[in-house]
Each structure stands twice: as structure tokens, then as C-alpha cells.
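Comments concern the structure below.
Protein chains get the first letters and strands the later ones, always in sequence-line order, with residue 1 at the start of each. This one's a predicted model, so the numbers in the text were calculated from it and none came from an experiment.
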Amino acid sequence: MLDIKFIRENPDIVKKTLAEKCLTLDVDELLAIDKKIIQIKQLMEAELQKRNALSKEMPKASPERKEEIKELSKNSGQQAASYAEELKPLEEQFKSMMGMTPTIPAPDVPRGTSEDENVVIRQVGEKPTFDFELKDHVELMDLNNWGEFKKISQICGSRTVGIKGELLQLEMALWQFTINKLMTKGFTVMSVPSLSFENAFYHTGHFPFDYDSVYSIPKDNLYLAGTAEVILNSIHAGDILKESDLPIMYAGFSPCFRREAGAAGKDTRGLIRVHQFSKVEQYIICKADVAESDKMHQFILQNAEEVMQEMEIPYQIIANCTGDMGAGKYRMNDIEAWCPGQNQYRETHSCSSLLDWQARRTNIRYREDETGKVKYAYTLNNTGLATPRVLVAFIENHQQADGSVRIPKALQPYMGGKTKIGGK
RNA sequence: GGAGAGUUGGCAGAGUGGUAAUGCAGCGGAUUGCUAAUCCGUCAUCAUGAAAAUGAUGCACAGGUUCGAGUCCUGUACUCUCCGCCA
């Protein structure tokens, strides 16, 4: 969410951003409510002030005066309570509208209304050519007995899968490779639960925007997070950090759950879109400085690219346009991996800068060394590695004529020295 | 699942219904000058104000009792101790 002071002073910029991001929010109404809340609060505060003054007098008052004070104080209290009652619905509406206010995107972000207007900013790696008939990942999995699709779906529902044999070994090697890399880059690596309370989802901004894409466990008031970001972001909720603590860099590993409610009939085949997967997520809290945030953005993007390069998977970097980036984002770059079996690039990573939008919701602040002032921090996140989706690109790119899959050099130590898996 | 004890500022830590002590750290200022000490102020949010300042709110969270709640009551979350169950 934005600073209300900024909205008061720049309503036109906010309106323009809403249009660019294809969001609807009545800014004039928000400002009207803001004004009204302040008016009522002033009246309420005047009553409370009266009551406080009377309370102060109370212990030293004569018995008759005490009775008088009781009466006066009660009146003020009741008056204040009625103002508070009046405020309640206004504040609720204010809060929910504030939650919808958008971060003003970076000036160089492409303007557009849907993902069709995203811009490819660079392509890295060479697409492989095959002198045999190439297979897609499902065919490769069948051939090598790497997947349990049918039985698992019957037990666990659609979009679930069991990963078997050497493909599981590969999956785990990829996690380990990524965790090790991020550790050497200075990240605090941490496995985090997927279960969390509702609050954490509001903090990140997943709620109220994406309510339908999250699994809930009503009996225990818990929800299943679709990304470790939800948990990592709330670790410092309410904290006032020291500037010298920043940047805080977490690499979280967790099972991730997504209902995929809006994706009925889409990507139903194979590993592309499943309800449960595992992910290493990069998450950063840095000081409130756009240049610093941009630097961090490039850093976490670079980390993800390095993994892709060392895995020898061709990919492209997308500049997501305003209409595809979500309310909170200042800048967003997806990484899409080349998947020869589908003859297209598929999203495997999503790198986002949110400035203070998320930190305001979560109440993550820090004390500036020089001034002693308390400021909202900036937050960023990017995928480190998401399996099994990245396995699709991995095995399709590295497949051989006999159905085996070669293991790039960098990963061989994590695979017990194997140079290939599967095949005859 | 059962029983008990807790949760107070960046940190530590008092506070048994009447203005949230005190210490440390940070920031601002004063003073003295050998790398520091001492003193004063400030130290979360909001409103009014050019500012100084003034006022309101803030003691895990949400309610309640009361003229008045950190303090009493109810619910929730978490932490610790013990019992039970358990990979």
C-alpha cells in the first residue's frame, strides 16, 4: 500500500497508475473517507481529552466533586464511544481501499494491459538442435519410468504427480545446488513451513487479491502458502531493524501449494502446473533507497540466471508490463526457460521489487543510522529454483536420442558423478 | 490432548485500578578536551501547526467490566515447565 500522504498530494499519479495496471479503485472516495475519518477523530479526541483531564483530577477531588466528575467523564466517554462507532465502518473501508493502492511502477516498465504486451529484454543460451525426433518431458518420463501420474492423481486429485527414480535424484540435486549457491552469496538459507495464518497473506499482498488461489484449512485457521515469501516476509513483521542489519537476505525452501483456480483446462499435461511443488525462494529486505533496491533486483535476478546458465538451460528475461505486474510491484522480470518439447518459453522465475508497498502492510521498518528516523524498508523477491517446473526444461533440453538425459558438468558432483540419467 | 507460568519501547526491566519507572543502545544539543566522559532533550503511530508545540492513541491480538485498565474478566495466538501421545 501507499502512504496516504502521497495519495493526498498526488491523486492524479495514483489514478494514472491504477489505469496503467488495469486496477479499479475510487481514489476520490478514498480521499473523502480519509477526510471524514480525520474530522470525526478530531471530535473524538476532544472528548477523550476532556475525560483524561477529569481522570487526572479524580484522585484528589472531594467526594461531591468525585460524583460530578463521574457523571461528566461518563458523558465524554459515551460521546467518544459513539464517534468510535461511527468511525468503525469508515476505517474498515479505508483500510481495505488502502490495501488496493498500487505502487507507482518504475519509469522504464513497459506500459500494457496484459501479458501479451510484456517485452523480451534478452535471450541467453543456445537452443539445442536435435537430429532425432524430440520427446516432450512426459514422454521422457514415461520412457524412463520417472513419473507416477495416473495413480497419484486418483489418490491426490488432478494436477498431482509422483516423481520417481533418477528424476527425484535430479530434483534433489537441483535444490541442493541452488541452496549451496545462495549460501555462498550470503543468503541465510532456511526451510520454512507452508502453513501459516491469514495475516501473513495480507502482509505480502496475496490477500485480498488472490484469495481463490490459496488452499485453506478452516478447522485450524490456517492456509497453505504458494511461496516461502509469505512466511519469510512476516519474520520481521512489526520489527524496527537497525540499518546495519540490512540488507537481510533469506533463501527459503518450502513445499508450495496452489489451487490454480483460474487455470482450469490449462497446462493439464505433465509437470508444468501442479498443485504442490517445491521452491527455493530469494527474499530481501533492504533500506528505503531506489538505487539500492534496483541493485538488489539485479542481484537476485543474476543469481537465478547463474543457476540456469550452469544448468545449461536457454532462457529469456521478460520485462513484465504494467498490466501484468500486480498492484504492489515497482518492477517485475520473469525468467522463461526454453522448453523444446513444447516449442516455447515457459515461466520458471518471477523477480519483483515492491519498494515499501509490502513493508507498509507488514510493518517492517528500520532506524536510519544518520538521522535516527524510522523508515519503512523495501522488499524484493525472486524465485531461486522451482521444481518440478524447471525439470521440464532440464530434461527436454538435455535429452539424447536414446531417451537419456545428460547432466551438465556443474551438477555432476551433486549427482554422485553421473554424466547422464535414464536411457537404455 | 491435560495442568501451570508468562508475553511491557531497538534491547533489558519495574509497575497489585488513577500521568508507562529506570538502565543500555541510537539520534539531537550543551559542556569539557587526547581517541572519551558528563549533563539535557529525544527516541512508535495519528491529528492540528510554517515551526516550536499541543492533543489523541500505543503494554501479544480481539472483546468486556469501570468515571478511569499494562493492572480485573472472556476469547485467540505464541513462549516456557510438567504430564500424555507421537515420526
Side-chain angles (χ1 to χ4, degrees), chain A residues 1-9 30-95 97-99 191-203 207 216-223 230-231 234-246 248 255 285 287-288 356 359-377:
Chain A
M1 77 185 148
L2 290 173
D3 188 346
I4 183 64
K5 285 178 198 153
F6 178 86
I7 304 173
R8 283 177 201 148
E9 285 161 21
L30 175 65
L31 289 172
I33 292 171
D34 173 49
K35 216 169 185 178
K36 190 135 192 225
I37 286 175
I38 289 172
Q39 281 170 358
I40 298 173
K41 262 194 181 160
Q42 283 170 354
L43 293 170
M44 183 175 81
E45 284 182 10
E47 292 300 331
L48 288 171
Q49 190 182 345
K50 272 191 227 165
R51 194 185 72 174
N52 287 347
L54 291 164
S55 275
K56 214 187 230 176
E57 194 188 335
M58 187 69 163
K60 291 164 262 169
S62 65
E64 309 87 73
R65 178 65 182 152
K66 270 188 181 166
E67 284 311 308
E68 218 175 288
I69 288 174
K70 266 192 197 181
E71 202 46 45
L72 288 168
S73 178
K74 198 172 189 174
N75 282 342
S76 284
Q78 279 169 354
Q79 194 58 250
S82 84
Y83 285 130
E85 207 55 40
E86 207 179 325
L87 275 175
K88 228 178 186 175
L90 288 172
E91 283 190 316
E92 243 164 64
Q93 200 183 347
F94 179 76
K95 204 178 150 194
M97 287 177 93
M98 282 299 284
S191 71
V192 297
S194 308
L195 288 165
S196 53
F197 293 116
E198 197 175 14
N199 240 353
F201 292 82
Y202 279 103
H203 289 164
F207 289 173
S216 67
I217 303 170
K219 191 178 175 188
D220 297 290
N221 281 322
L222 288 165
Y223 296 80
V230 173
I231 286 80
S234 278
I235 286 179
H236 295 289
D239 282 3
I240 299 179
L241 302 159
K242 279 187 260 175
E243 188 176 336
S244 58
D245 292 337
L246 303 177
I248 289 174
I285 303 173
K287 59 183 179 183
D356 61 1
R360 282 180 184 279
R361 302 170 78 94
T362 314
N363 201 16
I364 304 172
R365 294 170 296 172
Y366 69 99
R367 197 178 296 280
E368 228 177 20
D369 280 347
E370 223 164 276
T371 61
K373 279 201 173 131
V374 174
K375 284 191 162 178
Y376 286 102

Between B:U45 and B:U31, how far apart are the two C1' atoms, rounded to whole Å? 35 Å
Do A:F197 and A:L222 have side chains that get closer than 4.5 Å, going by heavy atoms? yes
Rounded distance (Å) that lies between atom C1' of B:C78 and atom CG of A:D220: 15 Å
Any ion pair linking A:E47 and A:K50 (charged N to carboxylate O, less than 4.0 Å)? yes
Residue set satisfying side chain to side chain donor-acceptor pair (under 3.5 Å) with A:N363, at least two apart, ordered chain then number -> A:R365
Work out how far the P atom of B:G15 is from that of B:U65, and round it to whole angstrom. 29 Å
Given side chain to side chain contact (heavy atoms under 4.5 Å, CB included), test A:L30 with A:M98 step by step and report yes or no. CA-CA 8 Å; A:L30 175 65; A:M98 282 299 284; 4.0 Å; yes
Inter-nucleotide C1' distance (B:G17, B:U66), Å rounded: 9 Å
Residue pairs, two or more places apart or on separate chains, that pass side-chain hydrogen bond (donor to acceptor under 3.5 Å, both in side chains) and touch residues 58-68 of chain A: A:E57-A:R65, A:R65-A:E68
With sequence neighbours left out, write down each residue that passes side chain to side chain donor-acceptor pair (under 3.5 Å) with A:K287, or none if nothing qualifies. none
Roughly how far apart, to the nearest Å, are B:A53 and B:U42 at atom C1'? 14 Å
Rounding to an integer number of Å, can you tell me how far A:L222 CG sits from B:A77 P? 10 Å
A:I37 vs A:L87 side-chain heavy atoms within contact, under 4.5 Å: yes
Grab the two heavy atoms, one from A:S55 and one from A:P59, that are nearest each other, plus how far apart they are. O-CD, 3.4 Å
Value rounded to 0.5 Å, distance of CD1 in A:I40 from CG in A:L90: 5.0 Å
note: A:L87, atom CG; B:U57, atom P; distance rounded to Å ~ 13 Å
Which whole number of Å gives the distance between the C1' atom of B:A12 and that of B:G26? 15 Å
Using a 4.0 Å heavy-atom cut-off to protein, can you give one letter per nucleotide of nucleotides 16-29 of chain B, 5' to 3': B if the base is in contact, S if only the sugar-phosphate is, - if neither? --B--------SS-
Do A:F94 and A:I4 touch side chain to side chain, with heavy atoms closer than 4.5 Å? yes
Same-atom distance (C1') from B:U81 to B:C72, integer angstrom: 26 Å
Using the salt bridge (charged side-chain N to carboxylate O under 4.0 Å, His left out) criterion, which residues pair with A:E45? Sequence neighbours excluded. none
Going by heavy atoms closer than 4.0 Å, what residues in residues 238-245 of chain A are next to RNA chain B? A:I240
State which residues pass salt bridge (charged side-chain N to carboxylate O under 4.0 Å, His left out) with A:E86; sequence neighbours excluded, sorted by chain then number. none
Taken to the nearest whole Å, CD/A:E85 to P/B:G63 is 11 Å
Suppose you measure atom C1' in B:A5 against the same atom in B:C85; what distance do you get, rounded to whole Å? 23 Å
All salt bridge (charged side-chain N to carboxylate O under 4.0 Å, His left out) counterparts of A:R51, not counting sequence neighbours: none
Looking at side-chain heavy atoms only, is the closest gap between A:D3 and A:R360 below 4.5 Å? yes
A:Y202: which residues meet the ring-ring contact (aromatic ring centres under 6.0 Å, His included) condition with it, sequence neighbours left out? A:F207
How long is the gap from CE on A:M44 to OG on A:S76, to the nearest 0.5 Å? 12.5 Å
Check: A:T362 side chain, A:S234 main-chain N or O, donor-acceptor pair, under 3.5 Å: no
Would you give a per-nucleotide map of nucleotides 46-56 of chain B, 5' to 3', where B means the base has a protein non-hydrogen atom under 4.0 Å away, S means only the sugar-phosphate does, and - means neither? -SS------BS
Secondary structure of RNA chain B per the Watson-Crick/G-U criterion (both distances under 3.5 Å; [ ] crossing, | other strand, . unpaired) is ((((((((.[[[..)..(...]]].(((((.......))))).(((((....)))))..[[[[[..)....]]]]])))))))....
Within residues 64-83 of chain A, residues whose heavy atoms come under 4.0 Å of RNA chain B: A:K70, A:S73, A:K74
Which nucleotide, B:U45, B:C67, B:A77, lies nearest any side-chain atom of A:R51? B:C67
Considering only atom C1', compute the distance from B:U57 to B:G6 and round it to an integer number of Å. 26 Å
